[in-house]
Structure formats: C-alpha cells, structure tokens
*Asks:* 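Submitted below is the structure of interest, expressed as structure tokens.
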Amino acid sequence: MSFETILVEQRGAVTLITLNRPQALNALNSQVLTDLIQAFAAFDADPSQRCAVLTGSGEKAFAAGADIKEMQPQSFGDMYGSNFFAGYDRITATRKPWIAAVAGFALGGGCELAMMADLIIAGDNAKFGQPEIKLGVSPGMGGSQRLTRAIGKAKSMEMCLTGRMMGAAEAETSGLVARVVPAAELLDAALKLANEIAAMPPLAAIAVKEQVNAAYEMTLQQGVLFERRVFHSLFGSEDQTEGMAAFVEKRPGNWTGK
Ligand code: CAA
C-alpha cells in the first residue's frame with residue numbers, strides 16, 4: 001500500500017508507520033489523517049500484524065502540530081460543519097496495541113497524536129507541547145484531556161496556558177512517556193518493544209488494551225468489574241488453554257489468537 005504523506009512497511013508482525021512530510025515538520029494536514037486512517041485500519045484488519053509503531057521522519061520532529069496553513073482560512077462554520085479532527089477518533093478505535101516513537105518536536109496535534117498511542121517512547125531530544133494558545137486557539141485533538149490525565153492538572157494547565165515545551169526527561173518523570181532512549185536508538189528500541197508485544201497472545205493483548213483504556217472512562221467499581229469480566233472471557237480462548245499448559249509443562253506458549 002502506498003500513501004502520499006506516510007510510509008508504511010511491515011517488519012514481521014510489526015507495522016511501522018512513518019509520518020513523511022519532513023519539509024513541514026510532519027504537520028498533520030487532512031491528507032495525513034486520511035492516510036493514517038487507512039493505514040491503521042489495514043493494520044487492525046491484518047491477522048499477521050500484532051503491534052504498530054508510529055514515528056516521524058528525521059530526528060527533528062515527530063509532528064509539529066496540525067497544519068496551521070491549512071487551518072488558517074477556515075471559519076467556525078467550516079470547522080464545526082466538517083467536525084474537523086473527528087476523524088482521529090477512528091485512529092483511537094484501533095484495537096491492537098501501537099506505540100508512538102517520538103523524536104524532536106511533538107507539538108499541538110503532534111503531541112495529541114502521540115498521546116493517542118497506547119504508550120510513548122521518546123528520544124532524548126523529544127519536546128512535547130500544546131502551543132495552540134499562541135495561535136489564538138486551544139488544543140483540539142484531545143490534548144487538554146489526555147495530557148491532563150497523563151501528567152495531572154497543574155502541569156497540563158501550565159503547558160496549555162503558556163505553550164511551554166516539556167523535554168524528554170521531564171516527560172518521563174511526569175508519566176507522559178514510558179521510557180527515554182538516546183534519539184539515535186529510538187526506532188530500534190520502539191521496534192524491539194513492539195516485537196515483544198507482538199509475541200504475546202493477541203487476544204490477551206487486545207483485552208489488556210481495553211482494560212487499561214477503561215480506566216480513563218469508568219469509575220473504579222465499574223472498571224474493576226469490566227476487568228474481571230474480560231479476564232473471565234479469556235477463559236474461552238485457545239490461548240488461555242495453551243498459555244497455562246505451557247507454563248505447567250515448562251515450555252514457551254504457541255499462540256493461535258483464538
Ligand atoms: N503547520 C504547518 N507548517 C508547519 C508547522 C505546522 N504546525 N510547523 C512547522 N511548519 C513548517 C514551517 O512553516 C516551515 O515551513 P516553510 O519552510 O515553508 O516556512 C517548516 O515547517 C519548518 O519550520 P520552521 O522553519 O518554523 O522550523 P524551526 O526549526 O524554526 O521551528 C518549530 C520549529 C518551533 C516547531 C516551529 O515550526 C513551530 O513553532 N511550529 C508550529 C508549532 C505549533 O504551533 N503547533 C500547533 C499547531 S495548532 C494544532 O496543532 C491544533 C490542535 O490542537 C490539533
């Protein structure tokens with residue numbers, strides 16, 4: 001499959017998606033969204049693919065935001081009428097796990113896209129920020145919500161109100177990213193982690209993703225009940241039978257995803 005604004009390749013069971021508008025620091029225009037929707041849908045539908053990595057081209061930027069030049073002439077009617085950015089909900093609907101590998105700038109929509117991932121790995125040159133206020137607007141792709149859930153109100157409010165960028169080390173201690181690695185090793189580290197996840201029983205991986213995401217949507221009581229029911233349901237899978245037999249027989253599991 002070939003795209004105008006992204007590169008997609010399958011590396012074994014891992015799909016690598018690379019934002020590819022380096023001349024605009026990978027700014028996210030409508031074509032990028034169209035391409036991402038198609039690439040993530042194809043990844044989700046392909047049984048040979050178990051985990052994805054989304055990254056930026058070059059070390060300078062993961063993505064420097066939504067495309068300001070595309071948004072500049074838009075009116076309220078244009079934005080509201082087209083439900084601008086709503087297409088990103090189709091990316092967050094991806095059922096299989098995926099990782100954002102962030103080097104350089106992840107600003108505005110770039111930070112928001114990274115936060116749509118199941119987890120973020122950052123290069124040590126990563127810079128996260130929500131600078132929309134400096135353009136006379138606000139976050140619009142989930143930043144005010146996901147950043148606040150990730151790092152708490154005080155830091156999120158400070159970043160969204162001032163546009164201050166957060167470096168990789170602070171992003172790690174604040175809980176925004178899972179791990180920081182030297183920028184030159186970022187892709188290898190992300191692919192290694194993706195391969196580790198890809199080797200897990202696929203139904204259990206989807207189930208775990210649903211459970212953890214439920215923590216953002218439900219009360220504790222509802223979430224714990226949801227978790228328990230999902231756990232129960234995995235006892236209907238071949239991989240549960242295989243996984244527990246493999247443990248008892250002291251051998252690696254052989255997963256069917258059924
Ligand atoms: N949209 C469109 N083009 C962008 C862009 C963006 N978000 N960010 C960078 N570019 C373009 C620049 O216009 C420039 O193109 P030209 O060479 O044609 O002029 C090219 O990318 C390189 O950028 P700079 O010359 O500015 O590079 P720099 O190293 O001097 O600065 C930067 C880097 C600090 C990231 C700066 O580019 C910048 O501030 N970018 C905008 C960041 C921003 O405000 N992002 C939020 C966008 S709004 C949003 O995302 C809404 C939302 O909630 C979803």
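Atoms within each ligand, like the ligands themselves, are counted from 1 in listed order.
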*Asks:* Is the distance between the ring centroids of Trp98 and Phe40 under 6.0 Å?
*Replies:*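 Yes, close enough.
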*Asks:* At less than 4.0 angstrom from any atom of ligand 1, which residues have a non-hydrogen atom? List them by chain and residue number.
*Replies:*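 Residues within 4.0 Å of ligand 1: Gln23, Ala24, Leu25, Ala27, Lys60, Ala64, Gly65, Ala66, Asp67, Ile68, Lys69, Met71, Phe85, Phe105, Leu107, Gly108, Gly109, Glu112, Pro131, Glu132, Leu135, Ser138, Pro139, Gly140, Met141.
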*Asks:* Taking atom CZ of Arg164 as the centre, report whether more than 12 heavy atoms of other residues, nucleotides or ligands fall under 6.0 Å from it.
*Replies:*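 Yes - once you tally the heavy atoms of other residues, nucleotides and ligands closer than 6.0 Å, there are more than 12.
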*Asks:* Answer yes or no on whether Lys96 is positioned over the face of Phe43, meaning its NZ or CZ is under 6.0 Å from the six-membered ring centre and within 45° of the axis.
*Replies:*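 Lys96 over Phe43 ring: yes.
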*Asks:* I'd like to know whether Asp89 forms a side chain to side chain donor-acceptor pair (under 3.5 Å) with Thr92, so could you lay out the CA-CA distance, the side-chain angles of the two residues, the decisive distance to 0.1 Å, and finally the verdict.
*Replies:* CA-CA 5 Å; Asp89 294 346; Thr92 58; 4.6 Å; no
*Asks:* Does Tyr80 have its ring centroid less than 6.0 Å away from the ring centroid of Phe84?
*Replies:*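 Aromatic pair excluded; centres sit 6.0 Å or further apart.
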*Asks:* Indicate yes or no: at least one non-hydrogen side-chain atom of Gln10 is less than 4.5 angstrom from one of Asp46.
*Replies:*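 The answer is yes; the side chains approach within 4.5 Å.
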